[in-house]
Amino acid sequence: DGPVASARETPRRLSREQLYVLISAASVNLGSMLCYSILGPFFPKEAEKKGASNTIIGMIFGCYALFELLASLVFGNYIVHIGAKFMFVAGMFVSGGVTILFGILDQVPEGPIFIAMCFLVRVMDAISFAAAMTASSSILAKAFPNNVATVLGSLEIFSGLGLILGPPVGGFLYQSFGYEVPFIFLGCVVLMMVPLNMYILPNYESDPGQHSFWKLITLPKVGLLVFIINSLSSCFGFLDPTLSLFVLEKFNLPAGYVGLVFLGLALSYAISSPLFGLLSDKKPHVRKWLLVFGNLITAGCYMLLGPVPILHIQSQLWLLVLILVVHGISAGMSIIPTFPEILSCAYENGFEEGLYTLGLVSGLFAFIGPTLGGFLYEKIGFEWAAAIQGLWALISGLAMGLFYVLEHSRRRRRSESQNILSTEEEKTALLPNEL
């Protein structure tokens with residue numbers, strides 16, 4: 001617990017262990033987001049050539065998020081038994097290997113065999129990514145117990161950097177060297193990070209906790225926060241298989257320039273996340289408003305992304321990029337406060353402080369993207385599909401706002417009843433003296 005004690009005693013000065021933890025977490029954020037975002041500009045078009053429909057392409061993207069969620073829940077529950085460092089390093093190693101495997105899928109025969117191999121490799125990548133990210137979040141929260149949101153928000157700079165560099169770099173390498181090179185290059189970059197993390201990442205030991213994962217997930221507030229995470233991540237997941245196709249068809253941009261369209265979203269998210277993380281730690285009471293308004297703004301963004309036809313606004317490239325920039329800011333508002341909110345709720349309900357609880361919470365903190373994105377795009381078009389996606393964010397934002405209002409009124413009534421009770425006790429205590 002050296003890093004924990006150091007964080008509590010000297011919060012303004014990093015110990016060597018904390019610095020190493022930050023470097024390791026930054027490397028996994030950058031590497032995983034590079035591998036995740038590289039597909040956007042060119043894979044949907046390549047998959048169409050191999051006989052995959054838009055619905056199947058959406059399912060290939062969506063299966064990644066589904067298995068990431070399932071794997072995160074398992075890894076979060078067993079992180080103490082597996083070991084956080086081993087889970088972290090093994091996840092990065094497998095992720096780098098399967099990224100390289102994805103680069104040779106163009107040699108696979110088209111049709112069902114190609115589609116099946118895409119699903120298989122994508123699922124393996126999701127499981128390895130879930131292991132690395134679950135371990136990373138748990139280790140960070142262990143090393144920085146008093147500044148969780150600030151640290152997570154600051155490290156989202158590297159996630160955003162991965163999202164920024166992935167699409168344009170992938171599009172450029174694809175245009176210049178073909179399908180294989182982007183995946184082989186990024187896979188090798190991730191594999192080179194493995195020895196570094198094996199050397200510098202500290203070991204954290206902890207005993208298994210007494211509370212189960214199901215007790216955590218059945219807490220009403222945690223359930224609503226998970227719903228918010230799901231709604232926001234589904235919005236990101238919707239863009240992966242659909243945005244590049246929409247931009248290619250609507251504005252006739254080459255693959256290299258399609259990657260630049262994603263830049264507005266990733267850059268604004270990377271810049272705003274540290275600010276919202278710092279605000280969440282300094283003023284915890286503001287988290288609820290960030291969560292609610294972030295979701296409502298996100299819902300508005302998806303209504304304007306197409307834009308939805310009932311608004312009678314002409315679709316223009318500058319408007320699309322502007323909406324993506326605003327969406328990046330609103331995503332930072334909503335995503336960053338969720339981890340400390342779930343963690344504080346767990347501690348308030350009797351979960352012990354330690355790596356076990358951190359692992360459970362990290363398992364919940366997994367992004368889910370819907371497989372319906374490609375299907376809706378194929379059936380009703382990007383404009384209406386984006387609007388339907390925005391409804392999910394609207395519902396989750398309103399539900400969370402209603403919960404906070406009811407929670408505030410309940411606490412107010414409890415406080416008033418306690419004041420009345422204490423007043424009656426004081427009167428009873430004073431009565432014999434008066435007599």
Gap between atom CD1 of Ile200 and atom CD1 of Ile23 - 0.5 Å precision:
4.5 Å
Report the distance from atom CG of Leu324 to atom CG of Leu305, rounding to the nearest 0.5 Å.
5.5 Å
As a quick check of understanding, evaluate side-chain contact (heavy atoms from CB on, under 4.5 Å) for Cys188 and Ile100, giving each step before the final call.
CA-CA 8 Å; Cys188 291; Ile100 294 174; 4.1 Å; yes
Kindly check if the number of other-residue, nucleotide or ligand heavy atoms within 6.0 Å of CZ (Phe93) is above 12?
no
Heavy-atom closest pair (Gly390 atom, Ala299 atom, distance to 0.1 Å) is O-CB, 3.3 Å
Expected output: side-chain Ser396 to main-chain Ile228 donor-acceptor under 3.5 Å
no
Does some side-chain heavy atom of Leu398 sit less than 4.5 Å from a side-chain heavy atom of Leu296?
yes
Got Phe183 and Leu101 here, is their nearest side-chain heavy-atom distance under 4.5 Å?
no
Side chain proximity check, Leu265 to Val325, heavy atoms < 4.5 angstrom:
no
Looking only at heavy atoms, the pair that brings Leu291 and Asn295 closest together is O-ND2, 2.8 Å
Would Leu304 and Leu311 satisfy side-chain contact (heavy atoms from CB on, under 4.5 Å), going step by step from the backbone distance to the final call?
CA-CA 8 Å; Leu304 295 170; Leu311 298 177; 3.6 Å; yes
Which heavy atom of Ala132 sits nearest a heavy atom of Phe88, and at what distance?
O-CD1, 3.7 Å
One pair to check against side-chain contact (heavy atoms from CB on, under 4.5 Å): Lys250 and Leu317. What are the steps and the verdict?
CA-CA 9 Å; Lys250 195 78 174 180; Leu317 185 59; over 6 Å; no
Of all the heavy-atom pairs spanning Leu191 and Gly97, show the shortest one and how long it is.
CD2-N, 4.0 Å
For Leu173, does its backbone N or O pair with a side-chain atom of Ser176 as donor and acceptor, under 3.5 Å?
no
Shortest non-hydrogen contact between Leu34 and Leu186, atoms and distance
O-CD1, 3.6 Å
Do side-chain atoms of Arg287 reach the backbone of Ser280 as a donor and acceptor pair under 3.5 angstrom?
yes
Atom CG of Leu196 and atom CE of Met92: how far apart are they, to the nearest 0.5 Å?
8.5 Å
Please report the interatomic distance NE2(His81) to CZ(Phe75), rounded to the nearest 0.5 Å.
14.0 Å
With a 4.0 Å cut-off on N to O distance, would you call Lys288 and Glu341 a salt bridge?
no
Is Tyr179 atom OH crowded by more than 12 heavy atoms from other residues, nucleotides or ligands, each under 6.0 Å away?
yes
For Phe293, does the CZ atom sit with more than 12 other heavy atoms under 6.0 Å from it, leaving out its own atoms?
no
Mind checking whether Leu320 and Val247 have side chains closer than 4.5 Å, heavy atoms only?
yes
Check whether any side-chain heavy atom of Leu319 sits under 4.5 Å from a side-chain heavy atom of Ile313, and report yes or no.
yes
Keeping Thr338 on the side-chain end and Ile335 on the backbone end, is there a donor-acceptor pair under 3.5 Å?
yes
Evaluate side-chain contact (heavy atoms from CB on, under 4.5 Å) for Phe102 paired with Met124, printing each intermediate quantity in order.
CA-CA 11 Å; Phe102 212 96; Met124 292 172 61; over 6 Å; no
Do we see a donor-acceptor contact under 3.5 Å between the side chains of Ser136 and Asn29?
no
4.5 Å side-chain heavy-atom contact, Met400 and Leu225
yes
How about Ile329 and Tyr269: do any of their side-chain heavy atoms sit closer than 4.5 Å?
no
Could you pull out the closest heavy-atom pair between Pro220 and Phe403, with the gap in Å?
CB-CE1, 4.3 Å
If you measure from CD on Gln316 to CD1 on Ile323, what distance do you get to the nearest 0.5 Å?
11.5 Å
Short side-chain to backbone donor-acceptor contact, Gln18 and Ser15, under 3.5 Å:
yes
Quick one: are the ring centres of Tyr302 and His327 less than 6.0 Å apart?
yes
Side-chain (Ser27) to main-chain (Ser24) donor-acceptor, under 3.5 angstrom:
yes
Please answer whether the main-chain N or O of Phe129 pairs with a side-chain N or O of Ser95 as donor and acceptor at a distance below 3.5 Å.
no
Quick one: sort the Phe251 and Phe246 rings into parallel, tilted or perpendicular, breaks at 30° and 60°.
perpendicular
Quick one: does any side-chain atom of Lys50 pair with a main-chain N or O of Asp106 as donor and acceptor, under 3.5 Å?
yes
Keeping Ser334 on the side-chain end and Ala331 on the backbone end, is there a donor-acceptor pair under 3.5 Å?
no
Side chains of Ile310 and Trp384, heavy atoms from C-beta outward: is any pair under 4.5 Å?
yes
Check the surroundings of atom CZ in Phe119: do more than 12 heavy atoms from other residues, nucleotides or ligands lie under 6.0 Å from it?
yes
Rounded distance (nearest 0.5 Å) linking atom OG1 of Thr134 with atom CD1 of Ile139:
10.5 Å
